[in-house]
Novice: 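Sharing a structure, written as structure tokens. Questions coming.
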Amino acid sequence: MTTRTSTYPLRLPRSLKDAVEKLSRKDGTSINQFVVMAVAEKVSAMTTAEYFTERTSRADMETFDRILNREG
């Protein structure tokens, strides 16, 4: 299986680029790998938050309370 990729010119403030270089070196990855993983983590976090927000809107609180308060 091959993963299709594309390029994106990224402009970073010098201080942030320096921090990424330092952290990627410490992590044992390339700057590119580090940035890809950081973006993937952010996308995952935002997608998860959206999922739970949508899921919460469909909750039936009466049923929840009934289940939570049942004996046994």
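Residue numbers count from 1 along this sequence.
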Novice: Side chains of Arg70 and Arg66, heavy atoms from C-beta outward: is any pair under 4.5 Å?
Specialist: no
Novice: Considering only NZ, NE, NH1 and NH2 on the basic side and carboxylate oxygens on the acidic side, decide whether Glu54 and Arg58 come within less than 4.0 Å.
Specialist: yes
Novice: What about Ile67 and Met61, same hydrophobic cluster or not, with Ile/Leu/Val/Met/Phe/Trp/Tyr joined at side-chain heavy-atom distances under 4.5 Å?
Specialist: no
Novice: Can you measure from CZ (Phe34) to NZ (Lys26) and round to the nearest 0.5 angstrom?
Specialist: 10.0 Å
Novice: Distance from Ser6 atom OG to Arg4 atom CZ, nearest 0.5 Å?
Specialist: 9.0 Å
Novice: Backbone N or O of Glu62 within a donor-acceptor pair of the Asp60 side chain at under 3.5 Å?
Specialist: yes
Novice: Is a donor on one side and an acceptor on the other found under 3.5 Å between the side chain of Thr53 and the backbone of Ala49?
Specialist: yes
Novice: Closest heavy-atom contact between Leu12 and Leu16?
Specialist: CD2-CD2, 3.8 Å
Novice: Between Arg14 and Asp18, is the closest basic N to carboxylate O distance under 4.0 Å?
Specialist: yes
Novice: Can you check whether Gln33 reaches Val36 side chain to side chain, under 4.5 Å on heavy atoms?
Specialist: no
Novice: Give the C-alpha distance, both sets of side-chain angles, the deciding distance and a yes or no for side chain to side chain contact (heavy atoms under 4.5 Å, CB included) between Val35 and Ile31.
Specialist: CA-CA 6 Å; Val35 171; Ile31 292 173; 4.3 Å; yes
Novice: With the 4.5 Å side-chain cut-off for hydrophobic clustering, are Val20 and Val43 part of the same group?
Specialist: yes
Novice: Can you list, by chain and residue number, the hydrophobic cluster partners of Tyr51 when the side-chain cut-off is 4.5 Å?
Specialist: Phe52
Novice: Roughly how far apart are Lys22 NZ and Asp27 CG, rounded to 0.5 Å?
Specialist: 14.0 Å
Novice: Counting only N and O atoms by type, is there a donor-acceptor contact under 3.5 Å from the side chain of Asn69 to the main-chain atoms of Asp65?
Specialist: yes
Novice: Indicate the atoms forming the closest heavy-atom contact of Ser24 with Ser30, along with that distance.
Specialist: CB-O, 3.8 Å
